[in-house]
Amino acid sequence: MAEENNTKPSNFIRDIIEEDIKNNKNDGRVHTRFPPEPNGYLHIGHAKAICLDYGLAEEYGGKYNLRFDDTNPVKEETHYVEMIKKDIRWLGFDWEDREFYASDYFDQLYEFAVRLIRDGRAYVDDLSAEEIKEYRGTLTEPGKNSPWRDRTVEENLDLFERMKAGEFPDGARVLRAKIDMASGNLNMRDPVMYRILHAAHHRTGDKWCIYPMYDWAHGQSDSIEGITHSMCDISFEDHRPLYDWFLDQLGIHHPQQIEFARLNLTYTVLSKRKLIQLVKGERVSGWDDPRMPTLSGLRRRGYTSEAVRCFCDRIGAAKRESIVDVALLEHILRDDLNKSAPRVMAVLNPLKVIIDNYPEGKVEELEAVNNPEDPEAGTRKIPFTREIYIERDDFLEDPPKKFFRLSPGREVRLKHAYFIKCEKVVKDDRGEIVELHCTYDPATKSGEATDGRKVKGTLHWVSAAHAADAVVRLYDRLFIKENPLEDEDFMSNLNPDSLEILTGCKVEPSLSEAPVGSRFQFLRHGYFCVDSTDSKPGAPVFNRTVGLRDSWAKIQQG
RNA sequence: UGGGCGAUCGUCCAACGGUAGGACAUGCGGCUCUGGACCGUAGAAUCGGGGUUCGAAUCCCUGUCGCCCAGCCA
């Protein structure tokens, strides 16, 4: 698609991989993984991670795995794994048969833990959660050793076994790594490896009542799968010493963890915790609300996966925190849609126009180009009659300077049809314009005047008798501030006008049966797609994906 | 006197001791049967201070600013 010259910018991760290949590290293999927790939907920030994980593997002829990080049964659901898989497939990635779950490794992880206990590197702690917190110390003061830290290997083995057997209630004991309670890195102050959780797991059912913590599960899972480069976001940077420690203690294959900055986008929030608040608080219609930055939301909004991927390539990868201008995403989207979306005419806010000198009852089938950017797209016929609808905004009784559209006495072109001139304005009792009377020039058929005279404006229109009714939903940014998080209560920055629903819109007749998900450019408006859940044949619902660039709007503002 | 990370146009990313470059955004012009697309053009940056070097965004020292970490979440 759009990708200008398909030379992706270099980045520090690519540098590391190339260096590793050069040094024949891991026998020159590149094997990555994307490790989502099935506790929510994927958003465009995840797309960045996926494109990095999977894109880099593809680029260097390697493999990539999908691994669900399902170590916390109380938050995770099968529904989320299905949706996550759907979204990744939509992006166009195929993990083949390498679909794994951290829970696949629970037995192995348990074995590893026993090994660490035997080596005197892990112990069962009876301290309560609150006590562990107290013993941990603070950011500036060292922690204290737990009184249970020096239990014998035998006692630890026995207790750990009984933890697994379900002898103790939730929270009674944990297994901790024995590292250094005085470390400046809090992650190294004897981190918890296992906690007791008598909860059913979406895959392992009731088999386990102890569950591994992220730090304990993640690196070992990477190792088991033979991962070479394990990318994650920078918040895990100070977990890397622990990641390395576990692997070194065990003496098993040691992948390299590499951290990059997560994506931030202007006028939106990208954190599962915040997004779930929007969903649960019913500020949006669901995870796939077209205003959501989730992949399912973007898809329903009409985004193409190509545009999302191209965006991820274009923003690059670095370690510094940043906020990408959503205008870049929209630019890439338009660029893609401009080449592929068929043009059609849709009148969102109709104003009736009667062409007085056009024969009553006559119907002309005019030829219209489907996509000027794509000759292959061909042409179609559209009906023209005496009564048509134009956009209310395209008429002004008292036009300002630079207004090129219709006004009394002025002539404009009807796209693909004739020049018309406004002769009379009809108003109701309240002074509201109800209809316009115009005349047309038969010598301007298909939009060109034989005498060479020019018009400044070209309007879109639909034949009143033939038009189909449609509902059109105009979406705008979800938040009013570039950075909605700059205020304590980000919800207060929600854009009250993020959705405007228009009914009684008039569209070309063929659009009435347009298939769900199909995308169009509504001439002079923007790109729209048929909504996947609310649209019905004969009663179409269109979502505005993104508007056209609007220089007229800029002139008006300035 | 806890630990870690980061700082380049308004924004995002490059430049790996050798002319600071691209994209988005913005301004101006052109073209146009979409006030779209397209074409052209302009302005716009190396956090501060020292040092090394023929030469520093890059190496060294120092300062400043920003972010992350005290879940039995990931």
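Letters A, B, ... mirror the listed sequences (proteins, then strands); counts begin at 1. Side-chain atoms are counted along with the backbone in the values below, which use heavy atoms only and exclude waters and symmetry mates.
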Note: for A:Val192 and A:Phe522 on RNA chain B, the residue whose nearest nucleotide lies more 5' is A:Phe522
Residues in contact with RNA chain B, drawn from residues 415-422 of chain A - heavy-atom cutoff 4.0 Å: A:Lys415, A:His416
Rounded to whole angstrom, note down the C1' distance from B:rA57 over to B:rU8. 7 Å
Using atom P in both nucleotides, what's the gap between B:rU53 and B:rC60 to the nearest angstrom? 16 Å
Protein-nucleotide distance (A:Leu42, atom CG; B:rA74, atom C1'), rounded to Å: 14 Å
Can you tell me the distance, in whole Å, between the CZ atom of A:Arg549 and the P atom of B:rG36? 8 Å
Between C1' on B:rG36 and CD1 on A:Ile555, what's the gap in Å once rounded to a whole number? 13 Å
Tell me: CD1 of A:Ile276 to P of B:rC73, nearest whole Å? 16 Å
Pick base, sugar-phosphate or nothing for A:Leu263, based on heavy-atom distances below 4.0 Å to the nucleic acid. nothing
How is A:Ala129 classified with respect to the nucleic acid when contacts are heavy atoms under 4.0 Å: base, sugar-phosphate, or nothing? base
Pairwise P distance, B:rU52 and B:rC61 [rounded to whole Å]: 15 Å
For A:Val174, report the nucleic acid contact type (base, sugar-phosphate, nothing); a contact means any heavy atom under 4.0 Å. base
Side-chain N,O (A:Arg136) to OP1/OP2 (B:rG71) below 4.0 Å: yes
B:rA74 base stacked by A:Tyr214? Criteria: ring centres under 5.5 Å, plane angle under 30°. no
Can you find a side chain N or O atom of A:Thr71 that sits less than 4.0 Å from OP1 or OP2 on B:rA74? yes
Expressed in whole Å, how much space separates the P atoms belonging to B:rA15 and B:rG49? 25 Å
Quick one: label A:Asn338 by what it contacts on the DNA or RNA (base, sugar-phosphate, nothing), any heavy atom closer than 4.0 Å. base
Summarise protein proximity over nucleotides 8-14 of chain B in one line of letters, 5' to 3': B for base, S for sugar-phosphate only, - for none, counting protein heavy atoms closer than 4.0 Å. B--SSSS
Given atom CE of A:Met181 and atom P of B:rG2, what is their separation to the nearest angstrom? 18 Å
In whole Å, what separates the P atom of B:rC24 from that of B:rA20? 23 Å
As a test of your reading of the structure, name each stem of RNA chain B as range with range, where a stem is three or more consecutive Watson-Crick or G-U pairs at under 3.5 Å. B:2-7 with B:64-69, B:10-13 with B:21-24, B:26-30 with B:38-42, B:47-51 with B:59-63
What distance, rounded to whole Å, do you find between the two P atoms, one in B:rG55 and one in B:rC65? 32 Å
